[in-house]
Amino acid sequence: MIGMISYLAFFSTMAAIFAIAVLGLNLHWGYTGLFNGGVVAFFGAGAYGTMILGGRADATVLGGFGLPFLVALAGGVVLAGMLAWIVGLLTVRLRHDYLAISTFGVAIAFESLTRNAEWLTGGARGLRGFPRPFEAAVGNNFVYGLLFLAFVLLVLVLVYIGLERLVRSPFGRALRAIREDETAARSLGKNPTRLRLTSFVIGSMIMGVAGGLYVSFYAFVSPQDLAPILTFQIWAMLIVGGAGNNRGAILGAFLIWAAWTASGFLLARHAPVAMQIYTGSIQYILIGSVIVGMLLWRPQGLLPERLETSAGPDRTRPAGTNTTATTNKGVT
Amino acid sequence: MTAGPILSTRGLTRDFGAFRAVDSVTLDFGRGRMTGLIGPNGAGKTTLFNMIAGELPPTAGQVLLDGQDVTGLRPDALFARGLARTFQIPRPFRRMTVLENVMLVPSAQTGETVLGALFRRRSMAAEQRRMRDKAMDILEFMTLDRLADQPAGKVSGGQMKLLELARALMGDPTIILLDEPAAGVNPSLTRILVERIEELNRRGTSFVIIEHDMDFVMRHCDPVIALAEGRVVFQGTGEEARSNPVLLDAYLGSPA
Ligand SMILES: Nc1ncnc2c1ncn2[C@@H]1O[C@H](COP(=O)(O)OP(=O)(O)O)[C@@H](O)[C@H]1O
Ligand SMILES: [Mg+2]
């Protein structure tokens, strides 16, 4: 029983961490139309940043400053934001496939950096040892797992609320406008370059939050955590859940992570031994098929984007006033 | 407000490779006027608009808005200075409502920055209420109010043209460049469009209108300017345009 709950807590913690990253990608792609093909770079910047600042001291690398957890996490997020800002300045004029290719390249370069800058990142063997927040106070591993899950869920809720406020504000409206038609938005006084850059940095910082939580959960990070498959998984989660819908993004994260976990489990359990060495590759194929299938049959995702109508969940008129928003004054 | 033309071009030229689409165009657009811009397809009218509105950098020449050199300014900066334009092929924000298309426009909204959107929610909400009222007034003026909550990509082509003008109006422009506003619009919507343009013009907004319908241009525009092969070939009143042999030759083809 405890084993089951403990496994569910583990599963939910991972899914919630991915959900945060998917929310970041949703700001990029769902609301701004930015094709970020290098999610893992910003996730990784948050992960390594948090680890270097908050990890245990280690004589072989520069980092391991052992800073308090929240400070380290904030530092990782800032690092992800700075990386996004630099990448954004260089690429934000690029659109769609060009942006996708350059961000994909950034992710490869980042992974290669973590593999080679041994003095900072520990190279291929990675960084190990992260004083888990509040662990001493709790002691019990099982309770600790639940507590960490609660913390991750809290962060997920906060990120969700913050993003919902953003995307339903005039800022979000401007982002959607440049997603729909950048030329028209510019001719109506909007500055697409600045809006795209802002969206890119904020979304990437959210990916950094996910990365920071991920390493504090595992107390370990290595270049293998930054494989391109993570970018594809996060994309699959967004496409399945529904781009342009933050609830969809979260739903997609839980569904795809469940499918991923279950497929790994089933393959390990029931596939012939000869096939088991290909488990990873089979899962790659599965995730690719899910993306392609979804794009073919339900490109809007399970929870499609909803129009911001004036009769909908209305935050600009106080409750009780007429929501059809017609006036009978003329312009004159 | 100074006297003198509201908008001028000085030797405005644009090459596409070896092809000169607009050739040294020097024009003054009168304040409060409704200037008609005519010319056959490919004459360079849209290219001229694109240069004036900052969408396309000129190869040579200048654009003066209210006497000030604005050459090289971006479209958003020009819009902020009171110059609005619409597109020959409408460019609605398709997956946004008609109302959102209009409410988007005012610049420097409180909720348009990240910090404003997150932390100044009261003043943002109050401001949005005012903007919504203004946007609804404009939509009503353009007879689009009943479509306010429709996705802009789903309204008819004619309604999209009306929406283009509605969006421009939300920025309180002093001059509006209209690129073939009536092309492909059914007669009843065209009538609404023309009435509204005249009404706005009476209230002081200057217009430059590219239009193929000669009747429309003769009836409503003064002066009329004709371009052909990138050059100004005629300037005068509508009446003069009708009887001008050069124009008949360049624009209407050989007289029937
Ligand atoms: N971006 C472009 N690249 C190359 N040629 C162009 C471009 N835009 C316009 N042209 C050419 O310039 C000429 C003028 O086009 P345009 O200004 O659209 O004419 P009009 O609006 O008067 O019909 C046309 O021959 C057109 O093919
Ligand atoms: Mg044209």
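A note on names: the letters A, B, ... follow the listed sequences, proteins ahead of strands, and every chain is numbered from 1.
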Novice: At a 4.5 Å cut-off on heavy atoms, which part of Ala77(B) comes close to chain A: side chain, backbone, both, or neither?
Specialist: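 Neither; nothing under 4.5 Å.
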Novice: How long is the straight-line distance from CZ of Arg91(B) back to CD of Glu182(A), given to the nearest 0.5 Å?
Specialist: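 The CD atom of Glu182(A) sits 10.0 Å away from the CZ atom of Arg91(B).
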Novice: Given Pro170(A), which partner from the list Glu127(B), Glu100(B), Met124(B) fulfils the side chain to side chain contact (heavy atoms under 4.5 Å, CB included) test?
Specialist: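 Exactly one pass, corresponding to Met124(B).
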Novice: Within the structure provided, determine whether Val114(B) and Phe171(A) are in side-chain contact (heavy-atom separation under 4.5 Å).
Specialist: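 The answer is yes; the side chains approach within 4.5 Å.
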Novice: Hey, could you give me the CG/OG1 distance between Asn50(B) and Thr183(A), rounded to the nearest 0.5 Å?
Specialist: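 Asn50(B) CG to Thr183(A) OG1: 9.5 Å, rounded to 0.5 Å.
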Novice: For Pro173(B), is it the side chain, the backbone, both, or neither that has a heavy atom closer than 4.5 Å to a heavy atom of chain A?
Specialist: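 Neither the backbone nor the side chain of Pro173(B) comes within 4.5 Å of chain A.
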Novice: Is it the side chain or the backbone of Arg146(B) that comes within 4.5 Å of chain A heavy atoms, both, or neither?
Specialist: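 Nothing of Arg146(B), per the 4.5 Å heavy-atom cut-off to chain A.
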Novice: Using atom types as modelled and distance alone, determine if a side-chain donor or acceptor of Glu180(A) lies under 3.5 Å from a backbone N or O of Met96(B).
Specialist: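 Not confirmed, Glu180(A) side chain does not pair with Met96(B) backbone.
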Novice: If you compare all heavy atoms of Leu118(B) against all heavy atoms of Gly162(A), which two are closest, and at what distance to 0.1 Å?
Specialist: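 So the two residues come closest at CD2-O, 3.6 Å.
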Novice: How many angstroms lie between CE in Met103(B) and CD in Glu308(A), if you round to the nearest 0.5 Å?
Specialist: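 Rounded to the nearest 0.5 Å, the CE-CD separation comes out at 10.5 Å.
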Novice: Any side-chain heavy-atom pair from Arg173(A) and Gln109(B) closer than 4.5 angstrom?
Specialist: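 With C-beta onward as the side chain, the pair touches.
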Novice: Does any heavy atom of chain A fall under 4.5 Å from the side chain of Glu55(B), the backbone, both, or neither of them?
Specialist: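 The answer is the side chain of Glu55(B).
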Novice: Between Leu188(A) and Phe93(B), is there a side-chain heavy-atom distance shorter than 4.5 Å?
Specialist: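 Result yes, sub-4.5 Å side-chain heavy-atom pair found.
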Novice: Select, from Ser107(B), Pro75(B), Gly153(B), Ala80(B), the one with the greatest count of heavy-atom pairs under 4.5 Å involving chain A.
Specialist: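 Of the candidates given, the most pairs with chain A belong to Pro75(B).
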Novice: Quick one: which of Leu175(A), Ile178(A), Asp181(A), Leu195(A) has the most heavy-atom pairs under 4.5 Å with chain B, could you say?
Specialist: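 Counting heavy-atom pairs under 4.5 Å, the top option is Asp181(A).
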Novice: May I ask you to test the Asp149(B)-Leu307(A) pair for a side-chain heavy-atom distance under 4.5 Å?
Specialist: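 Asp149(B) vs Leu307(A): side chains apart.
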Novice: Evaluate whether atom CG of Leu153(A) has more than 12 neighbouring non-hydrogen atoms of other residues, nucleotides or ligands under 6.0 angstrom away.
Specialist: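 Result for CG/Leu153(A): enclosed.
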Novice: By a 4.5 Å heavy-atom criterion (distance strictly below it), what part of Ile202(A) contacts chain B: side chain, backbone, both, or neither?
Specialist: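 The side chain, not the backbone.
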Novice: Which bit of Ser187(A) comes within less than 4.5 Å of chain B, counting heavy atoms only: side chain, backbone, both or neither?
Specialist: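 It is both, since atoms from each part get that close.
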Novice: Any chance you could measure Arg168(A), atom CZ, to Gln128(B), atom CD, to the nearest 0.5 Å?
Specialist: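 That separation rounds to 14.0 Å.
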Novice: Tell me whether Arg120(B) at atom CZ has more than 12 heavy atoms from other residues, nucleotides or ligands lying less than 6.0 Å away.
Specialist: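 Open: at most 12 neighbouring heavy atoms sit under 6.0 Å from CZ of Arg120(B).
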Novice: Got Lys190(A) and Asp76(B) here, is their nearest side-chain heavy-atom distance under 4.5 Å?
Specialist: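 Heavy-atom side-chain distance check fails, nothing below 4.5 Å.
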